Chemist: 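So that we are looking at the same thing, I have put the structure below in structure tokens.
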Amino acid sequence: MRNLLILFPVMLLMALTTSVTAQDQPLRELADARDIYIGAAAQSGLLEGDYADVLSREFNLLTTEWETKMCVTHPTATTYDFTGTDKLVEFAEEHQMVVRGHTLLWHECFPDWLASDDYTRDEAIDIMREYIHTVVERYKGRIAIWDVVNEAITDNGLFRSTPWYRMIGEDYIELAFRFAHEADPDVLLFYNDYGAEVLNRKSDRIYKLVSDMLENEVPIDGVGLQMHLQVGDVGDRLPINRQAVTENINRLGDLGLQVHITELDLKHPGKADESVLEQQAQNYRDVVEICLSAEPCTAIIVWGVTDRYSWIKDFDNNPDAAPLLFDEDYQPKPAYTAVQQALAEFTTDDQS
Ligand code: 9MR
């Protein structure tokens, strides 16, 4: 009896602490407990004050938003510039965050010096090999995951006519993965694209691309689904159909690949009123639940820390765009709470 009397307050305290921490736990602690990554895209020029606090408190993974693209890292034929990437990698290391390097080959941010297409196939392959080796070897053991090729397939399921494609041909993709693997055999290598979340012509073509790569023993570890979505897109009967996304993730998983949700944000027209923010929160919850319910999905990465610096503002010419988890003043939005709750509470039993 005496034991029980002593134990009771201790148990009460434990129960209270558990319910409080479930509410207040940073996203990264909840994600760590599930052994998945929760990440954000980041920019080196912003790494101070609230931005740095929120980024390091909430996320266990950092993606380099634009400073590791070729036009930045290899601006002329004879020079490299790693200033921004170095700062991001140092910040991540200081805060025990994993780094996702984004991205080695992309048709945008393609350097002018290489843009003439005036190279033979062999010359282009040599340039690519030297470039990939230089970048990947520099961050060996520090950048754990690379988006090797970004957006190489069109919405119609064709090879996009990128400069690399024109200079080298279809096999530029597999060569890029082989060079990255040579440079760092331990790094995880991803193909990344948008609009391939559900089952459609594009995701079918990507599925074939990565299947062929695996058949040819090309080192590839995963596929990134960007998920630049619009509020109202995700749901059981909506364009980003939960079941279709889950099927898509699982078929990639059946090949032995991981899937990362790499660039998640949810835009909306005009200003976001309370009901838009609520719907946005529900959509964020949907995406997190999709990832948690599909075993191959091992990372959810939002495309920015705060609405203040989202790319959507410029892209949509909408100064009121609020597509992320934290508002302009770094306050958590309903979307944040939804992600937090889903990470804390979701079980596959919740699915109908
Ligand atoms: O958000 C990125 C923005 O800051 C850069 O100016 C831009 C060009 O480098 O790239 C944006 O990120 C893109 C990503 O790399 C690939 N998928 C689409 C993203 C939004 O355009």
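We count ligands from 1, going down the list as the structure has it; atoms in each ligand are counted the same way. Keep in mind that the numbers below use all heavy atoms, side chains included, and drop hydrogens, waters and symmetry copies. FYI, the numbering just counts along the sequence from 1. Treat the numbers as computed from the prediction; the structure is a model and nothing was measured.
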Chemist: Can you find a side-chain donor-acceptor pair between Asp307 and Ser310 that sits under 3.5 Å?
Modeler: no
Chemist: May I have the list of side-chain donor-acceptor pairs in residues 317-326 shorter than 3.5 Å, sequence neighbours left out?
Modeler:
residue	atom	partner	partner atom	Å
Asn318	OD1	Asp320	N	2.9
Asn318	OD1	Ala321	N	3.4
Asn318	ND2	Gly270	O	3.0

Chemist: Is Arg34 positioned over the aromatic face of Phe346, cation under 6.0 angstrom from the ring centre and no more than 45 degrees off axis?
Modeler: no
Chemist: Can you list every side chain to side chain donor-acceptor pair (under 3.5 Å) pair that touches residues 88-99, not counting sequence neighbours?
Modeler: Glu93-Arg142
Chemist: Answer yes when Lys208 and Asp212 have at least one side-chain N-carboxylate O distance shorter than 4.0 Å, and no when they do not.
Modeler: yes
Chemist: ring-ring contact (aromatic ring centres under 6.0 Å, His included) with Tyr309: which residues, sequence neighbours excluded?
Modeler: none
Chemist: Can you work out which protein residues put a heavy atom within less than 4.0 Å of ligand 1?
Modeler: Glu65, Trp66, Lys69, His102, Trp106, Asn150, Glu151, Gln226, His228, Glu263, Trp303, Trp311
